[in-house]
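Following: one structure in C-alpha cells, then a few remarks.
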Amino acid sequence: MSTGGVTERLPRLLSLVPYLLARPGVLVAEVAADFGVTERQLRRDLELLWMCGLPGYGPGDLVDLSFAGDTVSVIEDAGMRRPLRLTTAEATALLVALRTLGEQPGVVDTGAVRRATAKIERAVGDAGLAGVAVDLSRAEEAVSAAVRRALEDGRALRIVYYTAGRDAVSQRVVDPMRLLIVEGRGYLEAWCRRAGGVRLFRLDRVEDVAVLDEPAEPPPDAEPADVSDGAFRARPEHPAAVLLLEPDALWVSEYYPVEQAQEVEGGRLRVVLRYADPAWLVRMVLGLGGGARVLDPPELAEAVARRARAALAAADDPAGDTRS
C-alpha cells in the first residue's frame, strides 16, 4: 500500500511530532523503521512538517526541527505535542488482537499483554469503549479454542474452509504449526495435506473444525511463512483488477487482500485486487449492487456489464435465457 496518500500520511504527520519529542536525537533510520516507511519518505514528511503550525505562521508558530548527522530532534512543536488517540474502532481491533494473543500458551509474555490491554482500556475508557463488544465472534472463538487444543496436544485438524479468492468451500486435513495474529486477524499456520505445503488459514473463514485423534506431523522441512509484510502474498500468475469502491463498499478492502488502496474524491477507494477466478470477481462486483466498478482490465469490465445486461433481460422476460 502506498505511504504517500492522504489517508496514510496525515495520521503519520500528526504522530511524528509527539514521537520525536519523546526521543530527542533519534536516528532517522530508526524513525522510518518504526513508522514503516522508507527514509526518503520520512524526510519528505519532515520537510512538510516545517511548513505546518499555528495561524500567524511566524517564528515560534511553525514546527521547527533540528538535524545533526543522521539524527533529528524537535525544537518547536507548534502545539502538536499531544499524541493521537485511538478511535473506538482502532482500540476495539487492537484489544481483540491482544486478548487473542494473550490466550496463546507459551507464545508471549502474557503479563505484558495483560498490562498493555489494561493500559489501552484505561486510555480510551472515556470514549465509550466499555459499550463496545470487543470479543471474537462465538464461531471464531470456538475455532481458536480448537486450534489451541490441537497445538497443545499435537493433534491434526479437519477443517472446512472458505477460500475467498475462489469463492469455494473445501474440506482439508491439516497439521497445525502455530497460531498467529497478523494485521489484527487470527490465522492458523499449518501443513495442508491436500495442497502439500504450508498454508495460512484465516480463523474467521474456518466454517467447521474438528480435532482428530491422529498426531500432527508437518514435514521436518516445513518452513514457517514470513508474515513481516502481512499475510497475503500475491501470486504472479494471478491477474490484477483495479476497482473503484463506493463508500458503502469500502469493507471489501478489509475483507479481501488488496495490493494497493488509494483514497479518491467522494470518500471512494481505488484498489488493486488479485484474483484467481474471473467468474468469482464478476459475481462479487455484481453482488455489491453498484458499490464497485471495474476500471481495469477492460475485458473484466465488459464481463461484468454483459452479466448485468443478461440479468436485466431476464428480469424483463422471466422465461428468457440468462446465459451470457
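The first residue in the sequence is number 1, and the count goes up from there.
Judged purely by atom type and a 3.5 angstrom limit, Ser66 has no side-chain atom pairing as donor or acceptor with the backbone of Ser73.
Two residues are said to be in side-chain contact when any heavy atoms from C-beta on lie closer than 4.5 Å; Val174 and Arg199 fail this criterion. Put simply, the side chain of Thr71 does not reach to within 4.5 Å of the side chain of Val28, judged on heavy atoms. The side-chain heavy atoms of Val282 and Leu300, taken from C-beta on, include a pair separated by under 4.5 Å. A 4.5 Å side-chain heavy-atom check between Cys192 and Phe201 finds at least one atom pair inside the cut-off. Considering only heavy atoms from C-beta on, Tyr161 stays 4.5 Å or farther from Asp208 through its side chain. Proximity of Arg274 to Pro239: side-chain heavy atoms (C-beta onward) are nowhere separated by under 4.5 Å. Side chains of Ile159 and Val143 form no contact here, defined as non-hydrogen atoms less than 4.5 Å apart. Contact check for Val304 versus Arg309: no side-chain heavy atoms found under the 4.5 Å cut-off.
Cluster membership for Leu20 and Val37, using ILVMFWY side-chain heavy atoms within less than 4.5 angstrom, is shared. Note: the hydrophobic cluster containing Tyr275 also contains Tyr162 (ILVMFWY, side chain heavy atoms under 4.5 Å, direct or indirect links). One hydrophobic cluster, built from ILVMFWY side chains closer than 4.5 Å, cannot hold both Val173 and Met177; they sit in different ones. Two different hydrophobic clusters hold Val264 and Val271 under the rule that ILVMFWY side chains link at heavy-atom gaps under 4.5 Å.
For the residue pair Ser170/Arg172, the side-chain donor-acceptor check at 3.5 Å is satisfied.
Arg40 CZ to Leu42 CG: the interatomic distance, rounded to the nearest 0.5 Å, is 13.0 Å. Annotation: the span from Leu16 atom CG to Phe35 atom CZ amounts to 4.5 Å, rounded to 0.5 Å. Atom CG of Asp248 and atom CZ of Arg268 lie 12.0 Å apart (nearest 0.5 Å). Taking CG from Leu243 and CG from Asp296, the interatomic distance works out to 10.0 Å, rounded to the nearest 0.5 Å. Between the CZ atom of Arg44 and the OG1 atom of Thr38 there is a distance of 8.5 Å, given to the nearest 0.5 Å. Rounded to the nearest 0.5 Å, atoms CG (Leu244) and CD (Glu246) are 6.0 Å apart.
Looking at Glu207 and Arg158, no side-chain N of the basic residue comes within less than 4.0 Å of a carboxylate O on the acidic one, giving no salt bridge. Ion pairing of Arg155 with Asp213 is absent here, as no side-chain N (NZ or NE/NH1/NH2) approaches a carboxylate O to less than 4.0 Å. One finds no salt bridge joining Arg307 and Glu302 here, because no Lys/Arg side-chain nitrogen approaches an Asp/Glu carboxylate oxygen to under 4.0 Å.
None of Leu212, Val147, Val206 except one satisfies the side chain to side chain contact (heavy atoms under 4.5 Å, CB included) rule with Leu157; the exception is Val147.
Considering every non-hydrogen atom in both Leu179 and Tyr187, the closest pair reads CD1-O, 3.3 Å. Of all non-hydrogen atoms in Gly266 and Pro247, the two that sit nearest each other are O-CG, 3.6 Å. Between Leu46 and Leu65, the shortest heavy-atom contact is O-CD1, 3.6 Å. For the residue pair Leu21 and Pro24, the shortest heavy atom distance occurs at O-CD, 3.6 Å. The heavy-atom pair separating Asp175 from Ala216 by the smallest distance is OD1-CA, 3.4 Å. Ser253 and Leu269 get closest at one heavy-atom pair: OG-CD2, 3.5 Å.
Annotation: cation-pi pair Arg23/Tyr19 present, NZ/CZ under 6.0 Å from the ring centroid and within 45° of its normal.
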